[in-house]
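Note sheet for the following structure.
In what follows, chains carry the letters A, B, and so on, assigned in the order in which the sequence lines appear, proteins first and then strands, with residues in each chain numbered from 1.
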2 protein chains.
Amino acid sequence: MVEPELTERRRQVLQAVLDDYIRTAGPVGSRVVAKRYPLGLSPATIRNTMADLEELGYLTQPHTSAGRVPTDQAYRFYVDSLLPGRERGHRASPPFSPRTEVESLMAEISQHLSVSSRLTGMVLAPPLRTTILERVELLALEGNRVLAVVVTESGWLTTKVLSVEPAIPPGELREFSRLLTDRFGGRTFESIQQWVERAGERPQDPDQAEDLARQVLAVVGERNLYLSGILNILDQPEFSDIQAMKDLLRTLEAKGRLVNLLTLHADSPGVQVLIGRENPYEELQDFSLVTSTYSAGNQVLGILGVVGPRRMPYDQIVSLVEETATLMGQWLRGLNEAERSRVRV
Amino acid sequence: MVEPELTERRRQVLQAVLDDYIRTAGPVGSRVVAKRYPLGLSPATIRNTMADLEELGYLTQPHTSAGRVPTDQAYRFYVDSLLPGRERGHRASPPFSPRTEVESLMAEISQHLSVSSRLTGMVLAPPLRTTILERVELLALEGNRVLAVVVTESGWLTTKVLSVEPAIPPGELREFSRLLTDRFGGRTFESIQQWVERAGERPQDPDQAEDLARQVLAVVGERNLYLSGILNILDQPEFSDIQAMKDLLRTLEAKGRLVNLLTLHADSPGVQVLIGRENPYEELQDFSLVTSTYSAGNQVLGILGVVGPRRMPYDQIVSLVEETATLMGQWLRGLNEAERSRVRV
DNA sequence: TTTAGCACTCCAAATGGGGGAGTGCTAATG
DNA sequence: CATTAGCACTCCCCCATTTGGAGTGCTAAA
C-alpha cells in the first residue's frame, strides 16, 4: 500500500502524463516522460511513480504492458488545481460585427467558442419565462393577420405573426397595442402564462387580449440552444469508433439532452467543468463540458461553453470560456442599459 | 461485340440488380437474382445477360469475381424510364402546423422531406433580389434604434434592427415609414439596390431614407438554404469510409456549394435528378440529388429536394419531391392571395 | 438457346508469428 | 535508502499467409 499523498514529484509526473496525453491521444510511457519533460528522473523512477499514481487512481493502463492513460480523477485534479488564482491571458477578443439582434449575437458567440477551441461551442439563451415583458406592438398585415413585436426588458426582441378573429380594424391597432402593454408590461412571461391559464376561472366575455397573449406565449417554449462546430468532433483521433461518434452527433443535433444537462448541472455561477463519467448521460460520458453562466448585473441569464473529448487543454479552454462569458455579460449589460433609456412611441 | 439493344430480358435483369442493390448496398450475384426474382431464368443465363449489360455500360464489377453493381448510367435509365406517366401515389400529406411565418414553413418542409425519405432534405428559399417590396414599417425601439419590418409582395416578412443617426423623433416614424414605402414599394430589391448604388452620383443633401435602405439591403445577401436530417447520411452502409463522410458533412454544413449547385443546375421547372458524376462537385459525386422547383402561379420561386447516396429508391423519392413541391406551391399561392387582399394601415 | 458443370479468380476473414514498446522486479550504486 | 541500470516478461499491433466462399466465364450437353 502506498501512502496516499500527492507529493511534488507525483504531481509533476502526473502533469507530464496529462500534457502528453492531451497532445498525442495515446498512452504515455515512462521513457517518453523522462525524455520530453526535464524532471531529472530516469525512466525507472518514473515507472515507480506511475505505479503509485495508478494505485492512487489517477492513471490506468489500457492493458498490462502499455503506457498510462489519465483517468477522470486525473483530469479533475488538473482542473481543480488550475481553477483558483489564474492570471488573465490576453486573448484577442472575437471580431463581433456591431449587430444589434440578440439572436445573432448568440450565434456569433457560439461560433467564436467553437473556432477558438476547435471544439463544439454552445450558448444557451436566457429562459424567457423569468424575463420581464416590456411592451407589445402590433402591426397590421393583411386580413386578420397581425405582426406582434414583443420587446423584453433585457433588450430581447421577438416577432410573431398572429391570427386575430375577428379582425381588428387597423385604426384600433395602436390602441390595442397600448392595452396589451398596459396589461402585461412589467410582468414575467411566467406570470402572464399563469394569468392566461387562470382565465378559464374568470367567466367573462371572450377576451381578445387573452387570445393574443396565448398565441404570443407559444414562442416561450424551450430555451434556445446555439451550437456550432459540431463537426469539429470528427477531427478527434479517438473516433475510430464510428458508432459512438454517430450517437454523439445525434445527441448534439437533438439538443434536448444538452439543454437538460446545462440547465440542471451548470446553473451555479462561474466556470464549471464536467468530466467524463461525472456526466449523467451515457452518450456524453466520453466527453467533457466546460461551461460558465453569463449574467448581466447580478442576474444569471444563461449558460455558454464548450463540449469536447475529455482529453482537452483545460487551462486554455477554461480561460476561453470564462473570458467569453465576461464579454457576453458586458455586451448584454450594455444592451440592457441602452434599452432602459427607452423612448415612448 | 454485343448488339446494343436493351431487350426486355436485359431490362428485367437490370431492374432486378437495381432493386437488390438499392436494398442491400452490396454487389448482386447471378444466383441471388435467379432466386429472388421470378424471371424463370437460371443463374447461367443471367450471368450471360449481366455480361451483356456490363458491356453496354449499365453494370460494373468491383473486382473480377464479385457480383455486379449498377453504374450511373443504370440509375439514369431507371430514373428516365419512371419519370413519364407515373400515377400519383396518395401520400399522407405532412402534418404542418398552421403557422404563418414563411421561414418556419421552409424549415418544416425540409424536415418533412428528410423524415419521409430518411435522407437529407433541402429547401432553397426564393431569391430576394427579384422579389418585389411591398411596404416598410418602422417601429421605435429606444435611442436611435428602430425595428424595420419589411413585407414583400410574395408574403415574405423580414425584420431588422436599424441604427438611425440622427434619431428620428417618434412622432415622425409613421410618416417616415410611408415615405419609404412610397419610394421603394413595388420595386424589386435588385432595383432598390441599384438605386442606392447610383446614389453617389446624385450629389444631394444626405438622405436618411437612403441610409436606411442600405441597412435593410444588407439582409438581401445569399439565398437561405434549409437543410435537415444531415445525419441520416450516417446510416448509409457505404460509409465505412470515414473520410469521405467527413468531407460530405462539411460540404453540407457549409451550404455554399450546395446553393451554387442548386441555383446553377436545378433551375429548370419540374423534377430533376442528378446522379453521381453528373454532379460537378467532387465531394458530392458519390451522391444523387433529386430536386424540383416550386412556384406560385407561373413564377418559379425556389428549389427543394433531397440528397442521398446514389443507391436510392428513385421512384419513391421522385414522387415525394414532386408532391412536396406541389404542396409548397399551393401553400405559397394561398399565402400570396391572402396577402394581395391587403389592408392599409 | 438455355443450362449444368467445372475450373478459376479474388476478396475477406481467420490464423500465426515476429517486432517493439512498455512494464515490474531485482540487484547494484551513489 | 532512494535511485537507477539491467533484464525478463507481457501483450498489442502489424504483417504475411492461409483458407473458405461467393461469383464468374467458359464449355459442353440438353
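Counting to the nearest Å, the C1' atom of dG22(C) and the CG atom of Leu59(A) are 14 Å from each other. A straight line from CE of Met50(B) to C1' of dC26(D) spans 17 Å, rounded to a whole angstrom. Straight-line distance from the CG atom of Leu39(A) to the C1' atom of dA2(D): 17 Å, rounded to whole Å. One interatomic measurement links the two molecules: CD1 of Ile46(A) to C1' of dT3(D), which rounds to 12 Å at whole-angstrom precision. Separating the CD atom of Glu54(B) from the C1' atom of dT24(D) is a distance of 10 Å, rounded to the nearest angstrom. Rounded to whole angstrom, the span from the CG atom of Asn48(B) across to the P atom of dT1(C) amounts to 11 Å. If you take CZ of Arg31(A) and P of dG20(C), they are 12 Å apart, rounded to a whole angstrom. Taking atom CZ of Arg47(A) as the reference point, atom P of dA21(C) lies 14 Å away to the nearest angstrom.
Residues Arg23(B) and Asp20(B) are paired through a salt bridge, judged by an N-O separation under 4.0 Å between the basic side chain and the carboxylate. Salt-bridge annotation for Arg10(B) and Glu5(B): absent, with no side-chain N of the basic residue lying under 4.0 Å from a carboxylate O of the acidic one. A salt bridge links Arg11(B) with Glu8(B); the closest basic N to acidic carboxylate O contact falls under 4.0 Å. Using a cutoff of 4.0 Å between basic side-chain nitrogens and carboxylate oxygens, Arg311(A) and Asp286(A) are not scored as salt-bridged.
The side chain of Thr64(A) sits closest to dT10(D) out of dG23(D), dT10(D), dC10(C). Of all nucleotides listed (dG25(D), dT4(D), dA22(D)), dG25(D) comes nearest to the side chain of Gln61(B). With distances taken from any side-chain atom of Ser42(A) to the nucleotides dA5(D), dT23(C), dC12(D), the minimum falls on dA5(D). Among the nucleotides dT4(D), dT3(C), dT9(C), the one closest to the side chain of Thr45(B) is dT3(C). Ranking dT4(D), dT9(C), dT23(C) by closeness to the Leu41(A) side chain, first place goes to dT4(D).
Between Tyr314(A) and Tyr75(A), the two ring planes are tilted [angle within 30° to 60°].
At the phosphate of dT3(D), OP1 or OP2 sits under 4.0 Å from a side-chain N or O atom of Arg9(A). Taking only side-chain nitrogens and oxygens, Ser30(B) comes nearer than 4.0 Å to OP1 or OP2 of dT24(D).
If you check distances only, the side chain of Arg68(B) never reaches the base of dG25(D) with a donor-acceptor pair under 3.5 Å. No N or O donor and acceptor, one from the side chain of Ser65(A) and one from the base of dT23(C), sit under 3.5 Å apart.
Within 4.0 Å (heavy atoms only), Ala66(B) reaches sugar-phosphate atoms of the nucleic acid but no base atom.
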